[in-house]
Each structure stands twice: as structure tokens, then as C-alpha cells.
Amino acid sequence: MALRVTQSMLNHNMLRNLNKSMNRLSDLQEQLSSGKKVSRPSQDPVIATRGMFYRTALTKNEQFLRNAEIASTWMDMTDNVLNEAGNIFQRINELLIYSGDGAVSPEDLKAMGEEVAQLKAQLGTLANQTINGRYIFNGTDTTQPPYDMTAGEFTGTNSEEIKLEVSQGVQVAINVNSQKIFNYPDSANNIFKLLDKIIDDLSNGRPATQHQAAFTQQHDNLLAERAALGARVNRIELVLERLKDQEVNTTTLLSKNEDADEAAVITELKTQENVHRAALGAGARIIQPSLLDFLR
């Protein structure tokens, strides 16, 4: 038996199709205005879930990048300080050799002693180097100066590492163990104690060449610690490059996942407009032959 199609059914179908067309037009206009494929998770749960994953990864990467930049700043500053310390050591070594010259007068030796005293004071200033008010050569106790400028002694004893996480589960120490630099080989025979002996001999008009071997040992130790720091600086530079590449890659994936293809959206929008216009025209034809048309 053939199904009887009533005017009410035609009107209902027309309204339903028009509503669907309007909803599609609304979605396309929303994509075009927002630039996003979806604005609510219910529109596409898969895209929404992936978007949350990529955003979480980006947030973590940004924090790792900040940590790596802080680590790089600390290491660069430490390397600069050790470089300046190396220059001081070089000058003192020259004075030690010169003091052994038999033609040097006691007055010249006293002048050398004064210069070494000034170089020692400068070395103490370097030991108290800070970054943003934090002492970089006193382990985790960054609020206290490790070098006593009044007494002329290295008083820092903290050798703890300051670690920052620069990747998932990967932590690096951003400071150096100052005990291996300024308290080498021990606190009773460190570089400042040795300089005191050199200053005492020179100030009393005596050559200081007998301290040459001990001073060379201190100098070699400084160079070895700086070389070890250099290796860590190279590693943190590689970490920084990898984190920056990872940021670009994750951002690209996030964009491909969420961002709308404007050219495709505009094309589909124009197509949908034509469909909607045709639906309106067809609807007008269906509704037109109503009872009112016969009563005219």
C-alpha cells in the first residue's frame, strides 16, 4: 500500500533539512571566524584529546627550556669567572718566575708582593660572584658569600649541587663544586693560603720561586675544572637546541590537529550556501500550493 504523503510531512522534512543546513553553515562560519576545526570537545573528541596532549607537551617543553636557559646562564657566568681567574693565575706565575731573577732588588720584590696581594683580593671577589644576588660558588647556600673579604679566607664549605630538570627525568647540575677549585687540595693548603705565603715572602724581600711547584699544581687544577665545565656547557647547548626543535615540532602538530584549512572551509561554506539557497527555493515551491493559494 502506497504511503500517503501529506503537506504536513513535506513541511516537516523541509524544516528539518533547513535546520541541518543552518547548523552546518553555523559550524563553517565558526571555523572561519575562530580559525579552529572545533570549538567544543563534543564536536570531535579525538581532535580535542590530541589537542590537550600537545598543549601539555608544549607546557612541559617550555619549562624545560626555561630551566636549560637558566643552567646555560649559570655555566656561562662560571666559565667567565674561571677565565678571569686563569688570567690572574697566569700573572702570578709570571711574577713567581720573575722573583727568581737575581737582578731583582728587594724593593722590586716588595712591589711584586703588593701586586700579588691585589690579585688575591680580585680572586676573592671572583669567588663571591653572584647571579641575581645568588652566590654561584657556595653550593646550595647561595645567600652567603663563600669568601671572607675581611679575613682574606675562603670560608665556604657547601659542595652540594644545584640541579634543574632539563628533560623528562634528566637533571643537570648548574653549579661547580667550589671546594675543588678554591679549597684544593684542602682548606689548609688552598690557593688563598698559598698566595698568603707568596705575599709574605715577597713583602719581606725574598724570592717566591719555592712556591712554583705548588702554584703550578693549583693552576693545572683550575684548568682541569674549567675543561670539565666546558664539557657540561656543550651538553646544555645541545639540550637547548633539541628543546627548541621539539617546541617547533609540537607546535606544528598542534596546528595541523586544530587549525582550520581556511581555503577548504571557504569553499565548503560557499557550497553549503548554494545548498541552503536551493533548499529554500525548493521549500518555497512545496509550501506555495497551500489552501490559501486556492482561496485567492
Side-chain angles (χ1 to χ4, degrees), residues 12-77 131-132 134 140 161-175 229-283:
H12 181 75
N13 287 337
M14 182 199 70
L15 289 174
R16 186 185 63 197
N17 290 328
L18 282 177
N19 282 333
K20 289 172 62 179
S21 178
M22 288 291 288
N23 287 333
R24 184 58 185 156
L25 280 173
S26 175
D27 289 343
L28 291 171
Q29 287 175 343
E30 192 170 356
Q31 287 185 31
L32 200 57
S33 60
S34 68
K36 300 294 182 184
K37 292 177 183 176
V38 296
S39 56
R40 298 179 297 280
S42 58
Q43 290 177 319
D44 194 326
V46 175
I47 289 179
T49 303
R50 287 179 180 170
M52 291 173 62
F53 172 77
Y54 292 139
R55 283 193 174 80
T56 301
L58 273 177
T59 302
K60 286 184 178 179
N61 196 76
E62 288 172 0
Q63 184 58 56
F64 291 147
L65 194 55
R66 281 194 291 272
N67 290 349
E69 288 172 346
I70 292 173
S72 178
T73 301
W74 270 69
M75 291 182 186
D76 287 344
M77 175 62 77
I131 293 180
N132 294 329
R134 301 174 66 186
T140 54
E161 293 181 333
I162 300 174
K163 292 185 175 181
L164 290 179
E165 190 174 15
V166 296
S167 187
Q168 190 68 39
V170 178
Q171 294 189 340
V172 297
I174 66 174
N175 61 335
L229 175 65
R232 289 162 55 192
V233 170
N234 291 338
R235 181 189 176 190
I236 206 67
E237 287 177 352
L238 292 174
V239 170
L240 276 170
E241 288 181 11
R242 183 180 58 78
L243 289 173
K244 289 175 181 176
D245 290 342
Q246 195 166 322
E247 183 179 30
V248 172
N249 292 337
T250 307
T251 302
T252 302
L253 288 173
L254 179 64
S255 176
K256 288 181 178 178
N257 180 66
E258 291 187 347
D259 291 350
D261 184 344
E262 292 189 2
V265 173
I266 290 173
T267 302
E268 191 174 352
L269 180 63
K270 297 301 294 182
T271 302
Q272 193 61 38
E273 284 177 353
N274 292 334
V275 171
H276 187 69
R277 194 174 294 111
L280 287 174

Here the pair of heavy atoms bringing I236 nearest to A68 is CG1-O, 3.9 Å
Min side-chain heavy-atom separation L58-E247 under 4.5 Å
yes
Indicate yes or no: at least one non-hydrogen side-chain atom of Q246 is less than 4.5 angstrom from one of F64.
no
Check against side chain to side chain donor-acceptor pair (under 3.5 Å), E237 and S72
CA-CA 7 Å; E237 287 177 352; S72 178; 5.9 Å; no
Please check: side-chain N/O of Q63 versus main-chain N/O of T59, any donor-acceptor pairing under 3.5 Å?
no
May I ask you to decide if T140's main-chain N or O and N175's side chain share a donor-acceptor pair within less than 3.5 Å?
no
Give a yes or no on whether E62 atom CD has more than 12 heavy-atom contacts from other residues, nucleotides or ligands under 6.0 Å away.
yes
Is there a side-chain contact between M14 and L18 (heavy atoms, below 4.5 Å)?
yes
K163 side chain to V170 backbone, donor-acceptor under 3.5 Å:
no
A side-chain contact here means heavy atoms from C-beta on lying under 4.5 Å apart; do L164 and W74 qualify?
no
Given side chain to side chain donor-acceptor pair (under 3.5 Å), test R16 with N19 step by step and report yes or no.
CA-CA 5 Å; R16 186 185 63 197; N19 282 333; over 6 Å; no
Is it the case that over 12 heavy atoms from other parts of the model lie below 6.0 angstrom from the CG atom of N132?
no
May I ask you to test the L229-V233 pair for a side-chain heavy-atom distance under 4.5 Å?
yes
Say whether, by atom type as modelled, one donor and one acceptor occur between the side chain of N61 and the main chain of A57 under 3.5 angstrom.
no
Between K36 and D259, does any side-chain N to carboxylate O distance fall below 4.0 Å?
yes
Side-chain donor or acceptor of N257 paired with backbone N/O of L253 under 3.5 Å:
no
Is it true that atom CZ of R66 has more than 12 heavy atoms of other residues, nucleotides or ligands lying nearer than 6.0 Å?
yes
Does E30 reach the side chain of R40, with side-chain heavy atoms less than 4.5 Å apart?
yes
So does E241 pair up with K244, basic N to acidic O under 4.0 Å?
no
Give a yes or no on whether R50 atom CZ has more than 12 heavy-atom contacts from other residues, nucleotides or ligands under 6.0 Å away.
no
Closest non-hydrogen atoms of K256 and K37, given as atom of the first, atom of the second and distance, are O-NZ, 3.0 Å
Find out whether V172 and R232 are in side-chain contact, i.e. whether some heavy atom of one side chain is under 4.5 Å from a heavy atom of the other.
no
Is the backbone N or O of M22 less than 3.5 Å from a side-chain atom of S26, with the two atoms forming a donor-acceptor pair by type?
no
So which heavy atom on M75 is nearest to which on A173, and how close?
CE-O, 3.2 Å
Determine, stepwise, if the pair E268 / Q31 fulfils side chain to side chain contact (heavy atoms under 4.5 Å, CB included).
CA-CA 11 Å; E268 191 174 352; Q31 287 185 31; over 6 Å; no
Under the criterion side-chain hydrogen bond (donor to acceptor under 3.5 Å, both in side chains), which of R277, H276, K270 is the partner of N274?
R277
T250 and R55 side chains, donor-acceptor separation under 3.5 Å:
no
I'd like to check V38 versus E258 (side-chain heavy atoms, cut-off strictly below 4.5 Å). Are they in contact?
no
